[in-house]
Amino acid sequence: MIRHIVKTQTFTTDFMQEVFTLAREMREVVRKGGDGSLAGKIVATLFYDPSTRTRLSFESAAGRLGATILSTEAARQFSSAAKGESLEDTIRTVQAYADLIILRYHEEGGARRAAHVSRVPIINAGDGKGQHPTQSLLDLFTIEEELGQIEGLKVALIGDLKHGRTVHSLAYLLGKFNNVELFLVAPQGLEMPDGVISYLERHDVSYRCVDSLRDLVKKEEVDVFYQTRIQRERFDDAQLIEDYEDRREEFMIRRDLVRMMPQESIILHPLPRVDEIRYGVDDDPRAKYFVQAENGVYVRMALLKMLLS
Ligand code: CP
């Protein structure tokens with residue numbers, strides 16, 4: 001049994017199926033108005049970086065199950081981190097107040113450091129440009145719900161693959177399913193990091209690097225288009241932003257491009273989006289990113305049940 005949720009490489013397909021089965025049950029629990037199965041438990045959300053979906057969906061999940069929520073958003077500003085307290089000391093303190101800690105940290109490795117000192121479960125809610133494992137679970141859950149399977153799918157990961165923690169976690173997870181084919185669609189300079197690529201190679205995952213989304217749509221019958229935001233706040237090279245600005249249109253999902261996509265394909269995005277999926281696409285039946293955001297509640301309820309029951 002997994003004690004902390006830190007990175008996706010450690011997940012087995014059995015674990016994922018257990019989460020998905022429970023998430024389906026949790027959807028029914030929500031439809032019936034929630035239950036009190038985690039009454040008496042306390043969940044802390046400790047967020048050092050901004051969030052809408054992850055923090056609120058975890059808090060919604062905990063609330064639907066009757067748990068009490070302690071929350072610190074903007075922890076760099078409003079927790080004692082502002083006075084110089086280390087992450088480790090904060091975790092050693094909060095573990096005395098809560099049965100589980102959901103942590104978003106601004107630096108890669110934050111969740112691993114927290115898990116190292118914590119006696120209560122730590123859930124990584126995103127650590128810098130590292131990973132976002134619960135996002136990937138809800139992404140895969142959405143794919144399975146919408147397409148009925150994960151094995152054998154052709155999946156395009158699009159955008160800022162260098163800084164996007166959701167695509168790192170998702171690539172590791174997709175690599176655990178048979179015959180999945182990945183297309184890594186990124187502007188020059190924002191390609192998937194070497195660490196993820198070498199994992200895919202070590203595990204014989206079929207992947208191809210592509211630098212034109214339009215060409216890919218013309219040539220391949222892709223099942224899942226997973227778009228991501230360009231993470232400007234993580235750029236350390238201003239030239240990269242300028243280079244990207246010149247080519248950004250080529251990586252956008254617009255209605256004319258969607259018309260060329262297979263009818264049975266789906267378009268996902270971890271959100272927030274800026275303009276990389278145009279608003280005009282939202283009405284297309286293939287656009288599933290808000291369903292995906294809703295699924296986050298069910299998957300996170302399942303994880304809370306598994307770690308706290
Ligand atoms: N997908 C995601 O992590 O969104 P938030 O940053 O709003 O939590």
Side-chain angles (χ1 to χ4, degrees), residues 5-8 11 19 23 43-64 69 71-78 100-111 114 122-143 145-146 155 157-174 224-235 253 266-277 279 281-282 287-304:
I5 305 280
V6 172
K7 58 180 188 176
T8 53
F11 297 171
V19 174
V43 168
T45 52
L46 188 54
F47 275 57
Y48 289 73
D49 254 359
S51 168
T52 297
R53 276 145 292 273
T54 312
R55 188 170 68 82
L56 294 182
S57 66
F58 260 121
E59 293 183 3
S60 171
R64 298 281 193 200
I69 300 148
S71 189
T72 302
E73 62 166 329
R76 274 194 273 177
Q77 201 181 346
F78 296 122
L100 180 147
I101 299 170
I102 298 153
L103 173 70
R104 172 164 288 186
Y105 202 63
H106 51 290
E107 290 170 0
E108 191 169 352
I122 298 290
I123 297 182
N124 181 2
D127 62 331
K129 54 184 165 56
Q131 287 214 28
H132 196 348
T134 67
Q135 175 70 45
S136 308
L137 287 171
L138 74 90
D139 296 338
L140 276 191
F141 178 70
T142 305
I143 293 171
E145 290 295 280
E146 296 297 328
V155 181
L157 305 178
I158 308 157
D160 183 354
L161 307 186
K162 179 179 178 184
H163 303 103
R165 57 195 173 206
T166 65
V167 282
H168 304 163
S169 294
L170 187 55
Y172 290 130
L173 279 194
L174 285 166
V224 180
F225 293 89
Y226 190 95
Q227 177 66 293
T228 61
R229 177 177 68 89
I230 299 294
Q231 312 229 339
R232 290 167 201 276
E233 70 276 22
R234 302 197 197 284
F235 278 48
I253 297 183
I266 58 172
I267 304 164
L268 301 181
H269 192 310
L271 304 176
R273 76 171 143 183
V274 181
D275 58 4
E276 58 280 353
I277 298 179
Y279 291 118
V281 173
D282 295 359
K288 298 292 180 190
Y289 24 93
F290 291 109
V291 175
Q292 185 186 358
E294 177 182 332
N295 284 338
V297 176
Y298 313 134
V299 167
R300 288 170 173 141
M301 286 171 78
L303 290 170
L304 294 179

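As the structure lists them, so they are numbered: ligands from 1, and atoms in each ligand from 1. All heavy atoms count here, side chains included; hydrogens, waters and symmetry mates do not.
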**Message:** Donor-acceptor pair, distance only, cut-off 3.5 Å: does the side chain of Asp127 make one with the backbone of Gly109?
**Reply:** yes
**Complete:** Counting from 1 in the order shown, the ligand 1 atoms closer than 4.0 Å to a non-hydrogen atom of Gln135 are 1 (N), 2 (C)
**Fill in**
Near Leu271 (heavy-atom distance under 4.0 Å), the atoms of ligand 1 are 1 (N), 2 (C), 4 (O)
**Message:** Regarding atom 5 (P) of ligand 1: of the candidates Leu138, Leu56, Thr52, which has the closest heavy atom?
**Reply:** Thr52
**Identity of the nearest option to atom 4 (O) of ligand 1, non-hydrogen atoms only, from Arg53, Arg104, His132** = Arg53
**Item:** Residues Arg55 and Glu73 bridged, charged N to O under 4.0 Å
**Value:** yes
**Prompt:** Does the side chain of Tyr226 come under 3.5 Å of the side chain of Asp139 through a donor N or O and an acceptor N or O?
**Reply:** yes
**Message:** Pairs of nitrogen or oxygen atoms closer than 3.5 Å, one from Pro272 and one from ligand 1: do any exist?
**Reply:** no
**Message:** For Asp282, is there an ion pair with Arg273 - N to carboxylate O distance below 4.0 angstrom?
**Reply:** yes
**Request:** Decide whether Gln131 and Ser169 meet the rule of one side-chain donor and one side-chain acceptor closer than 3.5 Å.
**Result:** yes
